[in-house]
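Take a look at the structure below.
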Amino acid sequence: MAPDTDIKFVKGIGPARALLLRDELGIKTVGDLLRHYPSHYVDRSAIYRISDLRGSDLPAAVQLRGRFISMSVQGEGRKSRLVAIFSDGTGTIETVWFQRPRQVARALNPDVTYVIFGKPVEFNRHWSIAHPEVDTESAATDRKGLRGVYPLTEKLRSRGISSRLIAAWIDEILPITASIPEVLPHEITAGLSLMPLDQTLRAIHRPANMLELDKARYRLKFEELFFLELNILRYSRSRNKALRGHIFGKIGQYFHDFYSQCLPFELTGAQKRVIKEIRADMATGRQMNRLLQGDVGSGKTLVALLCMLIAIDNGTQACLMAPTEILATQHFQTISGLAAAIGVNIRLLTGSTPARERGEIHAGLLDGTIHILIGTHAVIEDTVRFANLGFVVIDEQHRFGVAQRAKLWNKAAIAPHVLVMTATPIPRTLAMTVYGDLDVSIIDELPPGRKPVLTLLRYDSQRQSVYDGIHRQLLQGRQVYIVYPLIDENEKSDLHSLEQGYEFISHLFKDFKVAYVHGRMKPAEKDRQMTRFASGDAHILVATTVIEVGVNVPNASVMVIENAERFGLSQLHQLRGRVGRGADQSYCILMSKESIGKDTRRRLEVMTSTTDGFIVSEADLKLRGPGDIEGTMQSGLPIELKMASLVTDGPVIESARAAAIGLLDSDPSLGSHPAVRARWAELFAGTQDWARIS
Ligand code: ADP
Ligand code: MG
């Protein structure tokens with residue numbers, strides 16, 4: 001057996017299961033199976049007492065020793081299940097099997113002492129374990145120590161494939177690790193005392209102890225990040241060499257006219273500094289790749305517009321890409337409004353642009369009469385071609401990965417300068433890992449005269465006073481957002497509460513007009529409603545989180561968030577950023593039901609105690625754990641990380657990056673490191689062909 005042997009040849013797998021493993025987990029070869037790591041480990045030395053089962057600090061799974069004192073198969077046919085009561089002398093627990101109940105019942109012997117293992121759940125003050133692993137005592141002794149628990153899918157589970165079965169297959173192939181070649185260069189493994197690959201693979205599946213496991217994990221994290229960095233560095237290095245950028249040497253008529261005639265206010269110091277940085281960068285002849293970080297409301301749009309005007313002054317076209325239709329539309333309106341007087345030709349392209357208009361836009365882009373194109377993902381479609389695209393702005397970067405950006409570069413002979421705008425502060429190394437070689441500019445100052453939004457936590461019992469407050473603001477001519485959670489657009493109950501809320505609010509504030517937006521509306525209707533609110537025609541906007549990012553209505557002074565306990569912190573911060581955009585005192589009211597847990601309350605209190613986006617995102621990381629943020633970040637990567645975390649493995653990223661830089665410095669083509677090259681090619685096969693872009 002070799003690493004590239006088909007897994008169907010592994011004892012116990014066979015053709016049918018091989019297909020399942022391929023479809024569900026992408027495992028095709030013995031090598032793939034070896035790279036399917038446990039998601040966590042359980043200590044199988046410890047035996048729990050049933051009488052000690054209580055509370056919330058139980059491990060994910062426990063091991064119990066005792067006997068089955070009663071067994072009964074309940075229900076009929078496909079719905080039948082085995083319910084067996086297990087006793088260890090300190091108490092009893094229910095165990096349940098939904099699959100093959102009769103066979104399981106026959107196999108269990110009431111006179112034998114077993115060790116069972118599984119996840120206990122409490123229901124109506126009774127403990128129960130579904131589908132525990134069952135071992136005789138002697139088998140359990142063999143199993144002592146740290147045991148890996150393998151990730152599975154529902155489908156695999158339903159086909160009877162368990163973590164234990166996977167462990168057995170892996171035991172079967174573990175001997176071949178000795179023949180798997182090391183993929184990291186010797187100078188790196190030796191220099192950093194990393195565990196060699198063969199030893200690592202054995203240790204990750206069958207760790208002798210915690211120390212060994214930690215070393216194996218570190219090595220695998222390092223390896224993943226090393227190849228990720230290598231990929232990004234190879235690409236950015238060849239790009240730096242080969243990619244010349246447009247030279248935007250001058251400031252011309254468009255910029256001047258706008259600056260002297262249209263600028264509605266003095267730029268903040270931070271805006272001026274950032275524009276200077278961008279200008280300097282765009283004049284070097286090297287293609288710019290820059291991340292613009294600035295908290296919500298810091299005025300990134302204006303910076304983007306001024307830079308686009310520089311691009312136009314230098315004879316090129318500009319393009320601004322936003323993650324949603326509403327945002328793109330709003331950018332279009334804001335920017336058209338600001339720049340109308342100076343005769344810039346700006347067009348909007350989204351998924352719902354009618355075919356006729358689309359054709360017109362395509363033509364205008366090709367003959368160069370359109371100066372600025374604003375839109376959604378629609379702008380990166382292959383049919384969209386520019387005469388001379390020189391500058392690209394991407395708003396709210398986290399939804400656009402490197403590959404999508406690369407598509408934009410493909411649209412021009414000379415790669416356009418790229419400015420990525422985000423309100424989410426992320427560390428620099430991380431930014432470079434996810435987005436390639438980026439320079440960073442930061443707007444660390446809000447426009448003057450802003451009063452921090454006053455954030456209040458209110459419960460259902462205080463509703464009346466909240467409505468009174470809203471009424472006072474409406475009477476002063478202010479506008480109000482009321483946001484409902486709609487986590488899944490298909491959730492009927494959410495939509496229902498939104499509709500009810502809309503009716504209730506319309507009724508309560510009869511003298512005012514209420515607009516209404518949710519994600520399932522037709523885009524045209526969505527637009528119509530948003531426009532009613534943006535233009536001031538409607539006073540209240542009842543909406544779902546479709547308004548989360550970017551929407552700008554400075555006259556709105558109140559943001560009410562219903563079921564605030566169901567939102568994440570960064571989402572709440574984004575929503576809050578919709579108010580406090582004018583000079584008046586604004587309010588963000590977090591409505592919550594009375595009975596919320598300690599963690600939820602702490603989360604909401606972060607919001608009431610600070611308006612600083614940096615503090616909010618740090619707290620978010622701490623409270624929510626890295627999971628969600630990780631997902632967002634990872635979506636920008638060309639490969640999936642199995643072991644390393646972009647959020648919590650900062651030091652490993654640094655070290656892997658340094659090692660990758662060292663290697664490329666000494667061997668740019670990897671010519672003397674064929675094993676590294678081969679692994680790199682294997683990992684990134686099927687992802688963007690970086691070499692071709694540069
Ligand atoms: P974000 O950085 O969140 O994208 P926007 O660009 O939407 O922020 O700007 C937020 C609000 O601040 C807008 O109403 C914009 O017109 C206003 N604004 C931007 N720059 C300034 C400035 N220098 N002085 C006053 N208001 C500004
Ligand atoms: Mg914005």
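Just so you know, ligand 1 is whichever comes first in the structure, and atom 1 is the first atom listed for that ligand. In what follows, every heavy atom counts, from backbone to side chain, and hydrogens, waters and symmetry copies are set aside.
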task = For atom 12 (O) of ligand 1, state which one of R578, R450, R581 supplies the nearest heavy atom.
result =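 Nearest heavy atom to atom 12 (O) of ligand 1 lies in R450.
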message = Looking at non-hydrogen atoms alone, which of Q271, K272, M421, H331 comes nearest to atom 23 (N) of ligand 1?
response =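 Heavy atom nearest to atom 23 (N) of ligand 1 belongs to Q271.
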task = Assess whether salt bridge (Lys or Arg N to Asp or Glu O under 4.0 Å) is satisfied between E605 and R602, documenting all intermediate values.
result = CA-CA 5 Å; E605 279 165 4; R602 283 221 324 261; over 6 Å; no
Of all the atoms in ligand 1, which lie at a distance below 4.0 Å from a heavy atom belonging to [X]?
X	result
T268	23 (N)
T301	4 (O), 5 (P), 6 (O), 7 (O)
V296	3 (O)
E266	22 (C), 23 (N), 24 (N)

message = So for ligand 1, is G299 a polar contact partner (N or O within less than 3.5 Å, distance only)?
response =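 Yes; at least one N/O pair falls below 3.5 Å.
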message = What I want to know is whether P448 and ligand 1 share at least one N or O pair that is separated by under 3.5 angstrom.
response =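 Between P448 and ligand 1 (N or O atoms, distance only) the closest approach is not under 3.5 Å.
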request  = Could I get the full list of side chain to side chain contact (heavy atoms under 4.5 Å, CB included) partners for R458, not counting sequence neighbours?
outcome  =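 In terms of side chain to side chain contact (heavy atoms under 4.5 Å, CB included), with neighbours along the sequence ignored, R458 is linked to L456, Q462, V466, I589, M591.
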message = Applying side chain to side chain contact (heavy atoms under 4.5 Å, CB included), can you list everything that pairs with S441, at least two apart in sequence or on another chain?
response =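 Side chain to side chain contact (heavy atoms under 4.5 Å, CB included) check on S441 returns V274, E277, R290, L292.
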query = Cut-off 3.5 Å, side chains only: do Q317 and N388 have a donor facing an acceptor?
reply =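 Short answer, no.
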query = Would you say the ring centroid of Y502 lies under 6.0 angstrom from that of Y484?
reply =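 Y502 vs Y484: aromatic centres not under 6.0 Å.
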Ring center gap for Y259 and Y254 short of 6.0 angstrom =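 No, the ring centres sit 6.0 Å or more apart.
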